Amino acid sequence: MSESPSGSPGESLGEESGDGAAVAGLTTGAVARRLGVSPTTLRSWDRRYGIGPAVRSDGRHRRWTRQDVARLETMCRLTAAGVPPAEAARAVQGEPAATAPRAVPSARPADLADPVAQAGSGASRAAGRDGRAAAGALPLGDVRQECRGLARAAVRLDAPAVQEQLARAVEEHGLTVAWQEVIVPTLHAVGRKWASSGDRYVEVEHLLSWHVSGTLHRHTRPTGRHGDVDAGAPGPVVLACVPGEQHTLPLEALDAGLSELGVPTRMFGAAVPAEALIAAVGRLGPAAVVLWAQARSSASLPLAQHVAAAQWGVKGARRQPLVMLAGPGWLGRTTKGMARPNTLGDAVEMLAGLYTRPG
């Protein structure tokens with residue numbers, strides 16, 4: 001379904017009339033709504049790179065034809081893939097709109113003039129006059145090129161592009177590297193923008209988190225029972241957020257990373273009540289229990305100590321779980337005898353090692 005110049009549905013984009021003359025196309029506002037970008041962005045692309053409408057009614061007002069919109073769609077695809085706008089514009093102008101490239105050029109050093117990288121750049125200041133454009137000025141800093149593409153897609157609320165970027169990052173770099181070097185920096189940038197903007201752009205964080213979670217779930221393979229507790233085989237790894245903790249994405253990433261190696265897990269998700277956690281530990285006899293705490297206020301050391309003291313098995317061969325404390329909430333706490341990984345890679349390696357030791 002297309003929009004009329006006023007943005008209402010029902011009218012198509014500009015077409016050629018019988019004598020070859022072009023009829024009026026869409027306004028800038030209608031095209032912006034169609035593509036999920038701000039009008040300011042479209043005007044900036046026109047002014048900076050010449051990616052504008054071929055026809056202007058009365059010599060002043062922009063009217064975008066089907067061919068113009070096709071060029072913009074290519075521009076959006078390339079910038080969503082991490083290509084700097086100037087480079088994307090050159091690619092669009094150098095090829096016909098119908099055959100403009102969709103592939104992403106090989107990664108190159110971050111462009112410090114990129115408005116996504118520098119919130120104070122001229123493009124970002126101009127974008128700040130429009131709410132949706134201002135959302136694009138994420139404080140990413142010095143990060144992989146893929147972060148910029150993922151951030152641009154997220155602030156445009158371009159769900160298909162977000163999903164495509166995440167899938168490509170995992171495929172090309174592996175889940176652990178994609179999490180640590182692409183997903184986490186982008187999530188942090190969105191979080192900082194949210195926190196510094198008076199709770200604006202919440203929708204960007206929610207959309208990005210939803211698709212990150214979906215990507216992680218698609219890479220999590222169910223694992224069967226790893227032996228029987230009574231038979232002496234190590235139990236699964238229990239993954240749980242402490243009571244009151246709602247941030248599950250890091251545990252979902254760990255679950256996916258362990259499943260790639262065939263390590264059995266039991267994911268319990270957000271805000272697991274203490275009684276339920278203790279009961280699950282008693283029933284499963286886990287090799288390890290990972291407790292995630294984002295906030296210091298929710299990081300209960302007595303709960304962790306209680307879990308670490310759990311025992312099971314026959315008399316004379318009692319076993320206890322390794323307790324792994326994950327998340328910034330545990331920083332500064334005395335955690336003698338408990339594991340404290342620094343990264344997802346560290347946690348995966350440490351936990352996988354429990355299933356490869358002799359005996």
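Just so you know, these numbers come straight off a predicted model, no measurement behind them.
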With sequence neighbours left out, write down each residue that passes side chain to side chain donor-acceptor pair (under 3.5 Å) with [X], or none if nothing qualifies.
X      : value
Thr220 : none
His173 : Glu146
His219 : none
Arg296 : none

Between atom [atom1] of [X] and atom [atom2] of [Y], what is the distance when rounded to the nearest 0.5 Å?
X      : Y      : atom1 : atom2 : answer
Leu301 : Leu325 : CG    : CG    : 7.5 Å
Arg218 : Leu175 : CZ    : CG    : 11.5 Å
Ser300 : Glu245 : OG    : CD    : 12.5 Å
Phe268 : Leu277 : CZ    : CG    : 8.0 Å
Gln163 : Leu166 : CD    : CG    : 8.0 Å
Leu72  : Met75  : CG    : CE    : 8.5 Å

Is there a side-chain contact between [X] and [Y] in this structure, where contact means two heavy atoms from C-beta onward sitting under 4.5 Å apart?
X      : Y      : value
Trp179 : Val184 : yes
Val289 : Leu322 : no
Cys147 : Pro185 : yes
His306 : Ile278 : yes
Leu303 : Pro243 : yes
Trp45  : Val92  : no
Met338 : Met324 : no
Cys76  : Asp158 : no

Would a distance-only check, ignoring hydrogens and angles, find a side-chain to backbone donor-acceptor pair under 3.5 Å from [X] to [Y]?
X      : Y      : result
Gln165 : Gly149 : no
Gln180 : Gly345 : yes
Trp330 : Leu291 : yes
Arg63  : Leu26  : no
Gln320 : Gln311 : no

As a quick check of understanding, evaluate side chain to side chain contact (heavy atoms under 4.5 Å, CB included) for Val237 and Arg266, giving each step before the final call.
CA-CA 6 Å; Val237 174; Arg266 296 295 183 269; over 6 Å; no
To check you understand the geometry: which heavy-atom pair defines the closest contact between [X] and [Y], and what is its length?
X      : Y      : answer
Met350 : Ala339 : SD-CB, 3.5 Å
Ala161 : Ala153 : CB-CB, 3.7 Å
Val238 : Pro286 : CG2-CB, 3.7 Å
Pro53  : Asp68  : CA-OD2, 3.4 Å
Gly50  : Arg71  : O-NH2, 3.6 Å
Ala287 : Tyr355 : CB-OH, 3.5 Å

Apply side-chain contact (heavy atoms from CB on, under 4.5 Å) to Glu171 and list each qualifying residue two or more places apart in sequence or on a separate chain.
none
Atom pairs and distances, donor-acceptor, side-chain atoms in residues 204-212, under 3.5 Å, two or more places apart:
residue : atom : partner : partner atom : Å
Glu205  : OE2  : Ser209  : OG           : 3.0
Ser209  : OG   : Glu205  : O            : 2.9

Treating Ile, Leu, Val, Met, Phe, Trp and Tyr as nodes and any side-chain heavy-atom pair under 4.5 angstrom as an edge, say whether Leu351 and Val177 lie in one connected cluster.
no
Same cluster (ILVMFWY, side-chain, under 4.5 Å), Val242 and Leu331:
no
For Gln305, does the CD atom have more than 12 heavy-atom neighbours from other residues, nucleotides or ligands under 6.0 Å away?
yes
Step by step, would you call Val348 with Leu344 a side chain to side chain contact (heavy atoms under 4.5 Å, CB included)?
CA-CA 6 Å; Val348 169; Leu344 174 63; 4.0 Å; yes
Partner of Thr265 by side-chain contact (heavy atoms from CB on, under 4.5 Å), out of Leu239, Leu254, Val290:
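Exactly one option meets the side-chain contact (heavy atoms from CB on, under 4.5 Å) with Thr265, and it is Leu239.
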